Every structure is written in C-alpha cells, then in structure tokens.
Amino acid sequence: MNKRRWIALAIVVLVVAAALVLQLVRGGEGSVASVPEKWKAKTVSGSGTNQVLQLYVEGVISEESSWNSTFDYQALLSQLNQAKEDSNVKAIVIRINSPGGAVVPTDELHRKLKQVKSETKKPIVISMGSYAASGGYYLATAGDKVYANPSTLTGSLGVIASYMNYGELAKEYGIKENVIKSGKFKDMGNPMREMTQDEHTLLQGVINESYQQFVDVIAEGRKMPREKVLQLADGRIYTGKQAKANGLIDELGTLEDATEAAKKLAKLQEATVVRYEEPFGFSRMFSSFSTKLSGILNQQPIPDFLREEKRTPSIEYIYRP
C-alpha cells in the first residue's frame, strides 16, 4: 500500500472514530444530551442589562442531528426557550443563512417563534444572509420586520419531493427487486421502477396541501392578499432587491441594521447585543474536531460504508437547483 493510500485510510479511521465518540458524548443520534441546560451569553457590543439576542439559522433545516451538520434543531429550540424565559432579553434577531429543509421542523420552528412573540411580546427581527430561501423564508414570515441584503437569494416559495429512478441502470446490470406489499401504494416512490399515474396524483395532493400551508403562512405573516402570494409563490428565486419590491421583505440592510431595528421596536435607548454560545466541554471540542475533518473528507472519495442510503425522500420546503 503506497503512502497516499495510507493517508486516505488514516483520515477515514479518524473520521469514524470522531463520529463515534461524538455520538457517545451526545448520547446517540438525535439526542438532546448535547444541549446545555443554560447557554452562555457572549457580548457582541453595547452595554446595560437589557439585551438584544442574535440567533443563527445556518444550513439545511432538519430534526436529524449528525456529526457533520451545520444546523442543530434541538440547540435552536433550547436557545429560543431560554430567550423566552430570560427577562433581560428584550428583543431577538434571527440571522438566516438557509435554503430551507424538511416541512415539519420548519413549521415547528415557525410556530415556536410565534409563541415567543405572543407570550412575551418580545419583538423578533429577521436578518437574511447570503440566502434565505423556501423554508428559510418560511421562518422569516414570523418576524416583525425582515431585512435582507440587495443580493440575498430568497423566495423559492413552494414544496418539492424528488424520487430517483434507476430501474434502467439496474436492468442493465441484471439487478432485480422482489416486492411483496399489502396495497398498491405501499412501495410508492420505489426507485427500481417508473412511478404510476395514480402514485403521481396522490403525491401531488400531498405537495399541494403543504404548499397551501406555505401560502397561508406568507399571507398571514406579511399581511399580503392571498391572490398576490399565489402569484409570487411559483418556486422562482428573488434577490433581496426584488423581494422588497414585491413586499416579501421590509428593508434592505445588514445584521447591524436589523439589530438596531430590534432595539427600536423594544423601545430601548441602550442595550447589550449578545449571542449564545455553548459552555466549553467535550461535546464542543469533538464537534469542532469532526467539523474540520469533514472539510478534509469533502475533498476525498467517501467510502460506501460512510454513506447512508435515503430511499424515501421527505417533503421539503427547500431551494434545490
């Protein structure tokens, strides 16, 4: 075995070891054991006991946590709950850099934002980063005010589900699958065959239902006539400048502009701008370590045993070019 292969093998072993250790520290996949009981408030700027909290939505929105994920669903819920109960937090700014994600966690986070607003009267201001599309925009509709950069990519208002079909490829290699099912729709989306018209119609009904929910959320959050939302929500993307012209956002501006708007909505003369960070511990150390290793792995061929086959795609509010 040459030197290059030894290096590649060593990287794989280190990645697997780091993943296993991190899962043990976290208490297993999807566990909330890694979420601290109390987040530490790190000062960004300003002074005083009144706080404006900046929270971040980064990456694809999903309930599933993994060692190389940039989004942590349970951590964000924990942060919102702490902000809800903390009397020093007077306003919240949500910075979104997300193409969206799965329908259920996106909707639940949206509901949590609305709950925080209704129960505490704390204003929530949205700051869009490079992109806040589909489910990222879905979350933004909960804001009292929405800011974006003129070049932010947003929109992609709609729902998608994609199903692979590699039946012809399997046939070429003599691969067959025997399916025994209790009803004709039980293996709907099977990648080994063409989708039937009945299956397509059924799935389209599911998509349409989630789409109508999205439209309702935009109409309510943006106080926009439903007919106008339907015109805008055809899946296309918008720049921040286009989104403002169409009433999908309120202002063009930066994270700092959004933070100042939050202070004004909370009627604060002065405030300390803070962000939550996890107290230092093994979980954070291994998370940082595995993130760096994943960057290395992205430049290497990924072995089959590290890949997870996803036979049944979820219904998603996501921008997927």
Side-chain angles (χ1 to χ4, degrees), residues 32 34-59 70-98 109-132 136-137 139-152 154 221 240 244 249-285 287-288 291:
V32 299
S34 64
V35 177
E37 292 184 5
K38 187 171 179 62
W39 295 87
K40 181 181 178 182
K42 177 184 177 182
T43 299
V44 176
S45 63
S47 61
T49 56
N50 294 327
Q51 296 178 351
V52 175
L53 172 65
Q54 295 177 340
L55 295 179
Y56 287 76
V57 176
E58 301 271 358
T70 58
F71 179 81
D72 192 328
Y73 176 78
Q74 295 295 342
L76 184 55
L77 281 179
S78 172
Q79 290 171 345
L80 286 169
N81 283 325
Q82 181 169 321
K84 177 172 168 285
E85 301 300 327
D86 190 343
S87 60
N88 289 327
V89 174
K90 304 299 184 182
I92 302 171
V93 177
I94 309 290
R95 176 71 166 183
I96 300 176
N97 265 304
S98 173
L109 284 173
H110 178 266
R111 290 171 186 268
K112 172 58 72 173
L113 291 174
K114 290 180 64 178
Q115 179 194 27
V116 171
K117 280 174 47 176
S118 65
E119 293 184 8
T120 67
K121 308 305 178 186
K122 297 177 182 182
I124 293 178
V125 176
I126 305 297
S127 170
M128 294 181 174
S130 297
Y131 52 105
Y137 184 80
L139 293 182
T141 62
D144 294 294
K145 208 163 189 181
V146 181
Y147 281 74
N149 182 278
S151 298
T152 294
T154 186
K244 186 176 187 305
I249 68 167
D250 297 297
E251 301 288 347
L252 297 174
T254 63
L255 174 61
E256 287 72 24
D257 294 328
T259 303
E260 284 300 313
K263 285 171 62 176
K264 289 180 181 178
L265 287 174
K267 299 179 181 178
L268 301 175
Q269 294 299 319
E270 64 175 24
T272 302
V273 179
V274 299
R275 296 173 187 169
Y276 283 158
E277 64 177 17
E278 184 178 355
F280 181 81
F282 285 108
S283 175
R284 187 179 178 189
M285 180 177 67
S287 179
S288 174
T291 299

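For this chain, numbers begin at 1 and follow the sequence in order. Note that the structure is predicted; figures quoted are calculated from it, not measured.
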Heavy-atom closest contact ([X] atom, [Y] atom, distance):
| X | Y | result |
| --- | --- | --- |
| Ser151 | Asn149 | N-OD1, 2.8 Å |
| Val93 | Ala262 | CG2-CB, 3.7 Å |
| Val125 | Ala258 | CG1-O, 3.6 Å |
| Leu109 | Tyr73 | CG-CE1, 3.8 Å |
| Ser127 | Arg95 | OG-NH1, 2.7 Å |
| Thr70 | Gly59 | OG1-CA, 3.5 Å |

For [X], enumerate each residue passing the side-chain hydrogen bond (donor to acceptor under 3.5 Å, both in side chains) test, keeping only those at least two apart in sequence or located in another chain.
| X | value |
| --- | --- |
| Lys40 | none |
| Ser78 | Trp39 |
| Thr254 | Glu256, Asp257 |
| Tyr276 | none |

Lys42: salt bridge (charged side-chain N to carboxylate O under 4.0 Å, His left out) partners, not counting sequence neighbours: none
Qualifying residues under salt bridge (charged side-chain N to carboxylate O under 4.0 Å, His left out), relative to Asp250, sequence neighbours excluded: Arg222
Once you round to the nearest 0.5 Å, how far does [atom1] of [X] lie from [atom2] of [Y]?
| X | Y | atom1 | atom2 | value |
| --- | --- | --- | --- | --- |
| Leu139 | Ile94 | CG | CD1 | 8.5 Å |
| Ile249 | Glu251 | CD1 | CD | 8.0 Å |
| Lys122 | Ile124 | NZ | CD1 | 10.0 Å |
| Ile92 | Gln51 | CD1 | CD | 11.0 Å |
| Thr49 | Glu270 | OG1 | CD | 8.0 Å |
| Asn88 | Leu53 | CG | CG | 11.5 Å |

Pairs touching residues 140-152 that satisfy salt bridge (Lys or Arg N to Asp or Glu O under 4.0 Å), sequence neighbours left out: Lys117-Asp144
Side chains of [X] and [Y]: does their closest heavy-atom pair fall under 4.5 Å?
| X | Y | value |
| --- | --- | --- |
| Tyr147 | Ile126 | no |
| Leu255 | Tyr56 | yes |
| Tyr137 | Val146 | no |

Can you list everything that forms a side-chain contact (heavy atoms from CB on, under 4.5 Å) with [X]? Sequence neighbours excluded, please.
| X | value |
| --- | --- |
| Glu119 | Lys84, Gln115 |
| Ala266 | Lys90, Ala91, Pro123, Leu268 |
| Ser98 | Val57, Ile61, Ile96 |
| Asn81 | Lys112 |

Please check: side-chain N/O of [X] versus main-chain N/O of [Y], any donor-acceptor pairing under 3.5 Å?
| X | Y | answer |
| --- | --- | --- |
| Lys267 | Lys264 | no |
| Thr154 | Ala132 | yes |
| Asn97 | Ser130 | yes |

